[in-house]
Amino acid sequence: MDSNPKIVSLASRIVESNRPDRFKHSDDEEDDTDRLFAELEEEIENDGDAAMREQGLDVLRREMERMQEMQKSHHGEYTEITDEKEVVRVSAHEPRCVVHFYHTNFKRCEIMDKHLSSLAKKYFSTRFFRVFVENVPWLVERLGIKVLPCVICFVDGVSKERLIGFEQLGNSDKFDTAVLELRLSMCGVIQKTGNQFDMGPVYKVVSSRKDDNDDEIFDLDD
């Protein structure tokens with residue numbers, strides 16, 4: 001991104017406008033984006049510096065194209081990917097992504113979903129999605145996932161952080177979203193300013209305890 005303060009300011013306004021939580025109606029999203037583009041374009045055109053105008057318009061157009069591509073790729077949303085190959089592709093190619101490996105039987109996975117859904121709307125440049133462990137047996141075995149929820153953070157295709165259960169989040173079901181936000185920011189995954197196998201695993205809950213500080217464990221049986 002260009003270091004000119006005014007260009008940076010214009011680009012940041014585009015990013016801010018594309019945060020999904022700013023839109024009340026999805027039908028108005030495209031109109032709002034076009035309106036902002038027109039406003040910024042007019043602001044640049046009125047600049048007295050010809051070089052600044054040309055540079056500003058070029059950056060503006062490139063940034064708008066980038067934002068539109070990110071929206072098409074579900075940035076700003078908390079989605080689910082069901083295909084194992086797609087999970088690998090997205091986690092390898094996205095600059096920053098947060099992947100939640102979950103199971104429908106586990107209460108703590110539902111709690112993690114709520115927190116991640118909130119953060120996905122706040123951090124548009126990071127891709128957030130969840131994966132049902134029974135859909136990705138090869139990844140589960142390859143990554144050695146044994147405790148759920150399991151959240152893995154990827155930066156440029158490299159795993160930078162792994163949150164297992166709630167141990168790093170206070171070990172309580174009532175942890176604040178800000179605690180998770182801090183953990184994700186520390187590894188750099190957020191910045192503040194089918195299946196190719198025929199035989200799938202059988203999952204079973206080993207621990208039936210319902211204490212507030214218990215993570216749920218599953219076994220991977222061949």
Side-chain angles (χ1 to χ4, degrees), residues 1 3 11-12 15 18-20 62-63 65-103 106 108-109 111-113 115-171 175 177-197 200-201 215 217-218 220:
M1 184 58 62
S3 59
S12 66
V15 174
N18 277 274
R19 281 176 48 189
R62 283 189 284 112
E63 189 65 13
E65 290 174 0
R66 188 175 75 90
M67 290 296 104
Q68 289 169 354
E69 284 301 314
M70 291 174 73
Q71 282 182 323
K72 291 178 182 178
S73 298
H74 303 289
H75 279 255
E77 305 174 54
Y78 182 54
T79 57
E80 179 164 352
I81 298 180
T82 59
D83 181 75
E84 191 162 43
K85 291 181 180 180
E86 180 67 5
V87 174
V88 174
R89 187 194 69 80
V90 173
S91 60
H93 290 89
E94 285 284 351
R96 291 181 294 276
C97 70
V98 177
V99 187
H100 174 206
F101 292 85
Y102 82 98
H103 196 285
F106 296 168
R108 282 195 162 183
C109 291
I111 296 172
M112 182 63 75
D113 280 338
H115 292 289
L116 290 176
S117 179
S118 175
L119 291 175
K121 297 174 183 177
K122 185 174 182 180
Y123 293 96
F124 183 79
S125 62
T126 297
R127 178 77 186 273
F128 288 78
F129 63 93
R130 69 178 191 166
V131 180
F132 184 41
V133 288
E134 291 189 11
N135 288 335
V136 290
W138 179 79
L139 272 176
V140 167
E141 186 172 6
R142 178 71 179 269
L143 296 172
I145 298 173
K146 293 294 182 182
V147 178
L148 299 178
C150 178
V151 175
I152 301 181
C153 305
F154 294 92
V155 177
D156 293 327
V158 178
S159 174
K160 293 293 186 179
E161 176 69 289
R162 180 183 296 219
L163 302 178
I164 302 173
F166 288 176
E167 290 182 4
Q168 296 142 290
L169 303 171
N171 211 21
F175 73 88
T177 302
V179 177
L180 175 60
E181 185 176 13
L182 176 61
R183 295 293 309 187
L184 299 183
S185 66
M186 288 173 63
C187 73
V189 75
I190 60 173
Q191 298 181 333
K192 290 188 175 183
T193 33
N195 191 354
Q196 58 187 346
F197 296 94
D215 294 313
I217 304 171
F218 66 90
L220 181 61

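Throughout, numbering of the chain's residues begins at 1 and tracks the sequence. Keep in mind the model is a prediction, meaning the values are calculated, not measured.
Rounding to the nearest 0.5 Å places NE2 of His75 at 9.0 Å from CZ of Arg96. To the nearest 0.5 Å, atom CE of residue Met112 and atom CG of residue Leu148 are 10.5 Å apart. The distance from the OG atom of Ser185 to the CD atom of Glu161 is 10.5 Å, given to the nearest 0.5 Å. Separating the CZ atom in Arg130 from the OG1 atom in Thr79 is a distance of 9.5 Å, to the nearest 0.5 Å. Separating the OG atom in Ser125 from the CD atom in Glu94 is a distance of 10.0 Å, to the nearest 0.5 Å. To the nearest 0.5 Å, the span separating NZ on Lys122 from CD1 on Ile190 amounts to 7.5 Å.
Nearest heavy-atom pair across Val140 and Val133 is CG2-O, 3.8 Å. The minimum heavy-atom distance linking Val155 with Cys187 is given by the pair CG2-O, 4.1 Å. Smallest separation of non-hydrogen atoms from Phe166 and Pro149: CE2-CG, 3.6 Å. Residue Val189 comes nearest to Cys97 through the heavy atom pair CG2-O, 3.4 Å, listed as atom of the first residue, atom of the second, then distance. The shortest non-hydrogen separation linking Glu84 to Pro137 is OE2-N, 3.4 Å. Nearest heavy atom pair, residue Phe132 against residue Tyr102, reads N-CE2, 3.3 Å.
Between Ile145 and Arg162 there is a side-chain heavy-atom pair separated by less than 4.5 Å. Using a 4.5 Å heavy-atom threshold, the side chains of Val90 and Val99 count as separate. Counting only heavy atoms from C-beta outward, the side chains of Gln191 and Thr126 never approach each other to under 4.5 Å. The side-chain heavy atoms of Ile111 and Phe175, taken from C-beta on, include a pair separated by under 4.5 Å. Counting only heavy atoms from C-beta outward, the side chains of Tyr123 and Leu184 never approach each other to under 4.5 Å.
In terms of modelled atom types and a separation under 3.5 Å, the side chain of Ser91 and the main chain of Val87 share a donor-acceptor contact.
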Quiz item: Should Phe129 and His100 be marked as a ring pair (Phe, Tyr, Trp, His ring centres under 6.0 Å) after you check the CA-CA gap, both sets of side-chain angles, and the distance that decides it?
Solution: CA-CA 6 Å; Phe129 63 93; His100 174 206; over 10 Å; no
